[in-house]
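Some notes on the structure that comes next.
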Amino acid sequence: MLRAQRAVPAWLAHPFRWQRLPVPWAAVVRGALCAGPLLGAGIATGHPAPGVLSGLGSMLAGVNDRPGTRRTGMVHVGLPALASAFGILIGASLQTADAGWWIVPALFAVGFVSGAGSVAGPVRSNAGMQMLATTVLGAGMPLPGAPWAKALFVLAGCLWLLLLRLVLRSPRPAGGALSGERAAVATVFDALADALGAAGGAGAESARRRLTAALDRADEALRLRRLTSSLLRRHARTEELLLAERFAAATALCEASVALLWEARPLPSRVAQSPRQFAEALRTGRSPGRLSAPETSTAARGAFDQALLDAAVAFARREPLPPAPEPPAPAPSGRPVWLAVPRTVARAALAAAGGRTRRGRSLFGPAGRDYGLRVAVCIAASAAVALLLHPEHWYWLPATTTFLVKPDLGPLFSRTVNRFAGTIAGVLLFAGAGLVLTGSWWPALVAGAGGALLPFATRHFALQTVAITLMVLSFVYVGGSPEAAAERVVDTSIACGIVLVVGHLPRLADPRRRVGHRVTSALHSTEEFLRHVLESEPGTDPTRRLALRRAAYRSLGEARAAAETAAAELLAARDRNPDWLTVVTAAERIVDAATACAVRLDHGAHRPSVAEAERLCQALSAMADALEDPRRRSADVPGPDLLPVPDCATLTDVAAEVERIRGYAGAS
């Protein structure tokens, strides 16, 4: 008789998880040419301080040097770069003023702003973290120079990496200036083909999530392109409009595909081949060729083949269609209705976000206050301990805390374990390099090696810590503290202890407050999309429906990330909280079911009554309100009580998922 395997707790297994990602060779080359050469230039010219500061700026920019278009790189690297320069300005000003123990309340304030910014999205979260780190380093590192000059040197290091990003890029596909955007849209078609190939199998849900992530990246790339055109006050060129139309075709094809995926039946391989042909056409500039033969066995398959035909028409067009009137009118007969999407979907998506989402992301909302308080208390405590232990060089302890305590960057226990292990490995490697290498140039070589390792090290936090430790120890060594390596181990140990204690205080570690606002926002977005599907009249323009669906999937992605982090935390009161992952999964299935319902309604399925639709939407909205208010029990919320709807079984599936949410959230 086989013995059941004992499951490893998530908090214990998470530190060993390793992401499988392709090696970003272009970013590796950029990393090797950033911090090391800048530090070497400072050593060669006899001005180590500018070399240290510019190398620090390039290192922080390298942390955000991820694959993407030029414009996404400018945003993801540029905004944190400005925050880093501002942090150095604050910290250096405190050092110039000889703030002493006033540094503790100052870091508390900066830490609160940094932590509260975690609710505003990943880019602003990274900007807040780097602002806090550079504030600590600017206040503690004994480097000469005026505060404004130090800030300029850090900013120059960031700009150096951005310049290298413009010059050293991966091989560009066909498309000229739009190569990055074309590649992003092509990735959507590839992810769609993967999802269709996985239909009916065990990997169907994960493939659908990868498709959603690809849609998010492509949407961001095209929105930044449109924003740039607006800021430059120039009209979009022909190729930009054509690409926008092809992305709109991809969005409509994805919606039709969700209905196929919802049926959970394996599909013929030729069905997935057509999206791959579109992806190849985008990358090469050639025609997609012959597509699979249409089939109308089900409403979902008919909708998919119609969207496939519309996409083929979009790829065959060499001139963009004239802009649709504002507000968009229903498309005339014979013209695909999704062609109005490119010029209006951005505004509709903003409207779809709703006031609840904006309040959930507010720096002064409940989540923002809790996030900010957690970071501020940890930073202030670590700074106070460091000032007591060694006031001459106190900055490493709170700097370590900065990279540990951010609540949106992963489970606290996992990051603490990996930070400690990575620091030990980095210190040993740096000490070994000091024994083997000689002369004054070897710290620049070590910094260059760390910079080359940094893009690859995004696979695991311990490996990323090794790269950062090598680079920071090189900066500190050149800055005049050659004995700092051993002290870093002690400081890191103390910082890990402080973060584990303070970060797990009951209020600061409550998943309901840290995850609940994202799940609540996702449920409200899901309810808005479901209501629009059920209440829209036949022939209604689909622009708002597509935007609401994109907003729902985007908020569900954020909620899933927060729920997965909370599931891997080391918490004693886990059983008193809802099963967040199950709630999010049920909400994802509701969006999928509502999408399939929309496709069936478009093809003549029986429409539910107004009362039935209202009961279903109210049940979902009441569930969101119950999760938002800890004083209410979600199990007490009345169910949807939906009768079977002829030819629209997906609504019964929606009601079943609402009941699932009530059951798993009922433990609250």
Side-chain angles (χ1 to χ4, degrees), residues 30-65 77-78 80-98 127 130-168 392-393 395-396 399 430 433-434 437 439-452 454 467-485:
R30 290 193 296 267
L33 295 177
C34 272
L38 292 174
L39 185 60
I43 296 172
T45 58
H47 296 85
V52 169
L53 291 168
S54 57
L56 175 65
S58 67
M59 181 196 75
L60 294 174
V63 173
N64 302 310
D65 187 15
V77 177
L82 294 174
S84 298
F86 184 61
I88 280 286
L89 182 64
I90 296 174
S93 299
L94 291 171
Q95 186 184 72
T96 302
D98 195 16
Q130 294 192 0
M131 179 184 69
L132 178 57
T134 51
T135 300
V136 172
L137 295 175
M141 290 184 71
L143 296 175
W148 61 268
K150 293 181 180 180
L152 288 179
F153 284 127
V154 169
L155 188 60
C158 299
L159 294 177
W160 172 246
L161 183 134
L162 283 175
L163 178 62
L164 290 176
R165 187 181 174 96
L166 296 177
V167 175
L168 301 176
E392 298 83 9
H393 36 82
Y395 56 89
W396 183 272
F430 185 82
L437 303 175
S440 59
W441 290 84
W442 71 270
L445 296 177
V446 174
L454 193 57
I468 292 177
T469 300
L470 289 174
M471 299 171 77
V472 173
L473 287 177
S474 300
F475 301 150
V476 173
Y477 187 94
V478 175
S481 299
E483 75 289 345

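Values reported hereafter were calculated over all heavy atoms of this structure, with side chains retained and with hydrogens, waters and symmetry mates removed.
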To the closest 0.5 Å, what do you measure between [atom1] ([X]) and [atom2] ([Y])?
X      : Y      : atom1 : atom2 : answer
Met131 : Leu82  : CE    : CG    : 12.0 Å
Leu454 : Asn64  : CG    : CG    : 9.5 Å
Leu162 : Arg30  : CG    : CZ    : 9.5 Å
Ser54  : Leu159 : OG    : CG    : 11.5 Å
Leu39  : Leu53  : CG    : CG    : 10.5 Å
Met141 : Ile88  : CE    : CD1   : 8.0 Å

Heavy-atom closest contact ([X] atom, [Y] atom, distance):
X      : Y      : answer
Ala151 : Ala85  : CB-O, 3.4 Å
Ala447 : Ser474 : N-OG, 3.6 Å
Val478 : Pro443 : CG2-CB, 3.7 Å
Cys158 : Gly57  : SG-O, 3.2 Å
Pro147 : Ser93  : CB-OG, 3.7 Å
His47  : Thr45  : ND1-O, 3.0 Å

Between the side chain of Trp160 and the main-chain N/O of Leu33, is any donor-acceptor distance below 3.5 Å?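 A pair under 3.5 Å: yes.
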
Sorted by first residue and then second, give each side chain to side chain donor-acceptor pair (under 3.5 Å) pair with at least one member in residues 80-92; sequence neighbours left out.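 As it turns out, the side chain to side chain donor-acceptor pair (under 3.5 Å) pairs with a partner in residues 80-92, which skip direct neighbours, are Ser84-Gln130.
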
In this structure, which one of Leu38, Ile468, Leu161 forms a side chain to side chain contact (heavy atoms under 4.5 Å, CB included) with Met59?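 Result: among Leu38, Ile468, Leu161, Ile468 is the only option passing the side chain to side chain contact (heavy atoms under 4.5 Å, CB included) with Met59.
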
Do Phe86 and Ile90 have side chains that get closer than 4.5 Å, going by heavy atoms?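 A side-chain contact under 4.5 Å exists here.
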
Parallel, tilted or perpendicular, as decided by the 30° and 60° cut-offs, for the rings of Phe430 and Trp442: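 Plane angle between 30° and 60°, so tilted.
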
